[in-house]
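Notes to accompany the following structure.
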Amino acid sequence: HGSDYEGDSGFYFNSEAAGNEGLDFDELQQQSKESPEDIEAWGANFTGNFSMGDIDVVSVTAYETSDSIAFDDFGPGVETPNNPGQFAQFFPFISSYADDHEQFSQEFRLSGGNDQINWVGGVLAYYEDIDSEVSDGGYGAGTIGIDFNGNGVIDVPDEGWWPEDDRRVFNQTTEEVGAFFHMNYSINEQFAVLGGLRYTYTRKDLEWQYTDFFTDFDYVPKTELDDSWDPLTYRAGIEYTPDEESLYYFRYDHGFKNGSFSVGGSTLADLVTVDPEEIDSLEVGTKLTLAGGRAQLNMAAFYNNIDDYQANLVVLGQNGVGFALQNAAEVETKGVELEVTIRATEALMVTGGLGYTDATFEDYVDPLAGEDFSGNIIPIVPEWSGNISVSYDYFLGESYLLTPRIDYAYTGEMEGRPSNSPKEVLNERHIVNAQVKLETTTNDSLYVTAWVKNAFDEEYHTKNVGDGAFAPGLMAKRGLPRTYGVTLSYEW
């Protein structure tokens, strides 16, 4: 598989600078003149299924690679009715980004069982290599630009040569191996217990460097860091099945998210190792089959406690703006989820879901700024979310099936960052997607799908940054507008 995406990153600014006070964040003070983004990605995967007597063996091999280049040109600005003749946010300024990513994975799974016990176990290996280069600047012309093509400069269309100013470059490799085992044991026809273990060893190696063309900030030579982690994660639970139409369960999981390095700063003090997250999760729920099999109802309540939660911050340090990844001591989330599937007729399918989440920092003092975020809401976690989807199958003779479908998704208001600044709140959004799919009903299936996403062109933000780190105003990123296309696929 492969893809080539060319688009616009969509950043823009408003400002609380003189002459622009009182603007809502939807009112543009300055929009990036150009924000081109080019992402090329391709990969391949191979799955083999084998049998050795009563044991099934699965081998999964996968390779992925991607290259991306993007930059934001914020000068000389775009005049709008709100700022006639005023372009003073950054003038001129360019942020450039280049990333090269490659990964390989291999997994072997064995599974078997009988009417009383079912089990699966296996081993895995993973390798990843990331090269990244981020450059900010634009305080004059005719100087050195970011090295996208090996010649030390980039030509911004219609603007000539632009400087790189400060530049962060890093390479990170990840090597990982693991083993896992999971079992489900039926005590009798109604009760079953389940359990599992997973061991993972991960090593990461980092080379990092910070340079500044104008030497107004400190130069940091190439620096190397490495670390490794080997957590043991596990699962235990019980299931109760009183009849063929209902299942009740309780499950406990202990999981983790790998450690990493904070590479977005500009001093050696900013280059820190971030510990892995560890999570303890409790979930209780039920799965019910209703209306003679025409409806499925799933309900669950959950509680999660996370130690060393990995939080992202934008900070204003001694060398200017930095991007920090750091550990928050403790996070707590709890909530409920509801899912419904209804086969109203043989052709009409309705699905829906509703979720409520309470997610807060229980203990978090920012070590860089000294701010206490304890009690704040976790960013990018809506309190309420929901969705509904309706599809209908039309058979066109015996060989073709036409299926129109419409989807609605609601995402509630979300905090933008750990500080919970009112300026950075992301408003609720209502997104409608639609598609019409035509497929053959033979063994070799051909699919043609015409689709539209964000059909009513809902305007919303995916990022707000407005704490003064970048400028007195707000830096925002728009969500994708209405997009549409046609997809063709073939299965054999």
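Numbers here simply count residues along the sequence, with the first being 1. Fair warning: this is a prediction, and the values are worked out from it, not measured in the lab. Hydrogens, waters and symmetry mates are skipped; everything else that's a heavy atom, side chains included, is used.
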(message) Counting the benzene-type ring for Trp, do Y240 and F250 have ring centres under 6.0 Å apart?
(response)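 That pair fails the under 6.0 Å test.
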(request) Determine whether the aromatic ring centres of Y392 and Y394 lie less than 6.0 Å apart. (result)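 Centroid separation for Y392 and Y394: below 6.0 Å.
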When you check the gap from the basic side-chain N to the acidic O, do [X] and [Y] get nearer than 4.0 Å?
{"X": "E415", "Y": "R417", "result": "no"}
{"X": "R294", "Y": "E346", "result": "yes"}
{"X": "E458", "Y": "R429", "result": "no"}

Can you confirm whether the side chains of [X] and [Y] place a donor and an acceptor under 3.5 Å from each other?
{"X": "E128", "Y": "H101", "answer": "yes"}
{"X": "Y248", "Y": "E239", "answer": "no"}
{"X": "T351", "Y": "E339", "answer": "no"}
{"X": "R198", "Y": "T200", "answer": "yes"}
{"X": "E332", "Y": "T360", "answer": "no"}
{"X": "N171", "Y": "D131", "answer": "yes"}

(message) Exactly one of Y303, Y249, Y252 should register a side chain to side chain donor-acceptor pair (under 3.5 Å) with E283. Which one does?
(response)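 Testing each of Y303, Y249, Y252 against E283, the sole residue satisfying side chain to side chain donor-acceptor pair (under 3.5 Å) is Y249.
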Quick one: [atom1] on [X] to [atom2] on [Y], what's the gap to the nearest 0.5 Å?
{"X": "E277", "Y": "N327", "atom1": "CD", "atom2": "CG", "answer": "8.0 Å"}
{"X": "L297", "Y": "L338", "atom1": "CG", "atom2": "CG", "answer": "5.5 Å"}
{"X": "S399", "Y": "L446", "atom1": "OG", "atom2": "CG", "answer": "12.0 Å"}

